[in-house]
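Notes for the one structure printed next.
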2 protein chains.
Amino acid sequence: MKISAQEEFGLRCLLQLARASAAGESLTLAQIAEREGISVANAGKLMWILNKAGLVRSQRGIKGGYYLARPASEIHLNQVIRVLDGERVDSHCKSYAGVLDACVHTGDCGIRPVIVELHQIVDNALSDITLSQLLDTEANVDAALHQIHITKQRSEQRA
Amino acid sequence: MKISAQEEFGLRCLLQLARASAAGESLTLAQIAEREGISVANAGKLMWILNKAGLVRSQRGIKGGYYLARPASEIHLNQVIRVLDGERVDSHCKSYAGVLDACVHTGDCGIRPVIVELHQIVDNALSDITLSQLLDTEANVDAALHQIHITKQRSEQRA
DNA sequence: GCTAAACCTTACTTTAAAGTCAACTTTCAA
DNA sequence: TTGAAAGTTGACTTTAAAGTAAGGTTTAGC
């Protein structure tokens, strides 16, 4: 139940594009990769996934680049996470061979519905947050980091 | 943002123990492994992690086995997931080299606080569910699976 | 105290995800 | 129309997680 590196970098890239799109600009792969500190190849892979999912659009050729497919206020995090996670149903539970109806533990298994419910809870929480809200959050990063620092100190005191 | 195989099997094993503990019994590794369809070695590894975290206790020697360290009603899922996830802070965000204060994007990064917040949301949702509630859920598995089936159909209609 | 059952621990193997590389195709502008 | 910029795609390499195996240690019962 952790966020993966791919999910994080995907979010970062989208945030880059949200900033650029707000200024009416697009970003090249090289620009995205350089700002996030990842390779151009990796950025290309992420952009390909996001493009295929309809979250971003690209313009080929010279003067080309990537831009958001729709306003940042209309892109919700659950859509982003779902895309970057890959096929959720197939992967989160290997013991069911990827098919909900093929649960080998049927009748003696209270876990399955709970796992589905957990993913639902996460999805709902994420659907409340849009990319534009993330942009707003940036203005308060210092305060937020300070808060995290406090939380960290508390957990250290507990340990 | 998916549940891992280790998390799922860990939950399953705990549920087994919760059932046995309710009857005043303990379970051997062989019993746990056989019922969950995993190897004894793998079950041993999971139990070792849960034991180290204080969620289960073990009795060595002949007539030994595993049992819950405290009542199922006092074991919350967030504790379980946290343990099975490993060190959360160190792993969920590779670009920070494992240290919160060492964020290389400080000042231009609105993602970090959000990631921390997401994990907080998940943690809160999980803290509302106890093992004993899971046991109760088992009685309604069929109804729950039916509900999932409906949800699945809906998502297929959307697609 | 001896033996067998059962847990404990470390190291190894396997496997899937993440990341990289390189060749290809498309597009724009001079 | 031609060359360079930029995106697209599939194959390859790396790396971390998951799973396995084997020997060690503890305990109950005789």
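Numbers restart at 1 for each chain; the letters A, B, ... are given by sequence-line order, proteins then strands. Computation of the quantities below employed the complete heavy-atom set of this structure, encompassing side-chain atoms and omitting hydrogens, waters and symmetry-equivalent molecules.
- Under 4.0 angstrom from either OP1 or OP2 of D/dG7 there lies no side-chain N or O belonging to A/T28.
- Nearest-nucleotide mapping onto DNA chain C: of B/K63 and B/G44, the residue sitting toward the 5' end is B/K63.
- Rounded to an integer number of Å, the gap from A/N51 CG to C/dT26 P is 15 Å.
- Atom CG of A/L46 is separated from atom P of C/dT20 by 11 Å (rounded to the nearest Å).
- What separates CZ of B/F9 from P of D/dT20 is a distance of 10 Å, to the nearest Å.
- Distance from the side chain of A/I62 is smallest to C/dC28 among C/dC21, D/dG7, C/dC28.
- One N or O donor and one acceptor, one from the side chain of A/K45 and one from the base of C/dG19, sit under 3.5 Å apart.
- For the pair A/Y67 and D/dG7, the criterion of a side-chain N or O lying under 4.0 Å from OP1 or OP2 is not met.
- Counting heavy-atom neighbours within 6.0 Å of B/E74 CD, excluding the residue itself, gives a total above 12.
- Closest to the side chain of A/W48, out of D/dG19, D/dT8, C/dC21, is D/dT8.
- When rounded to the nearest whole Å, the span between CZ of B/R60 and P of D/dG29 equals 17 Å.
- Remark: P of D/dT14 and CD of A/Q6 are 20 Å apart, rounded to the nearest angstrom.
- Of the possible polar contacts, none joining the B/S21 side chain to the B/A18 backbone as a donor-acceptor pair under 3.5 Å is found.
- Going from atom CD of A/E7 over to atom C1' of C/dG19 covers 16 Å, rounded to whole Å.
- One finds no side-chain N or O of B/S39 lying less than 4.0 angstrom from the OP1 or OP2 phosphate oxygen of D/dA21.
- Atom pair B/R57:CZ and C/dC8:P shows a separation of 10 Å (rounding to whole Å applied).
- Among the protein residues, A/I32 comes within range of no part of the nucleic acid, since none of its heavy atoms lies under 4.0 Å from any strand.
- Checked against C/dT26, C/dT9, C/dG19, the side chain of A/N42 finds its nearest nucleotide in C/dG19.
- Here D/dA28 is the nucleotide among C/dC7, D/dG19, D/dA28 with the atom lying nearest to any side-chain atom of B/Q59.
- Counting to the nearest Å, the P atom of C/dC8 and the CG atom of B/L50 are 11 Å from each other.
- Counting heavy atoms from C-beta outward, B/Q133 and B/D128 have side chains that stay 4.5 Å or more apart.
- Heavy atoms only, all atoms of each residue included: A/C13 and A/L46 are closest at SG-CD1, 4.4 Å.
- Of all the heavy atoms in A/Y66 and A/L17, the pair that sits closest is O-CD2, 3.4 Å.
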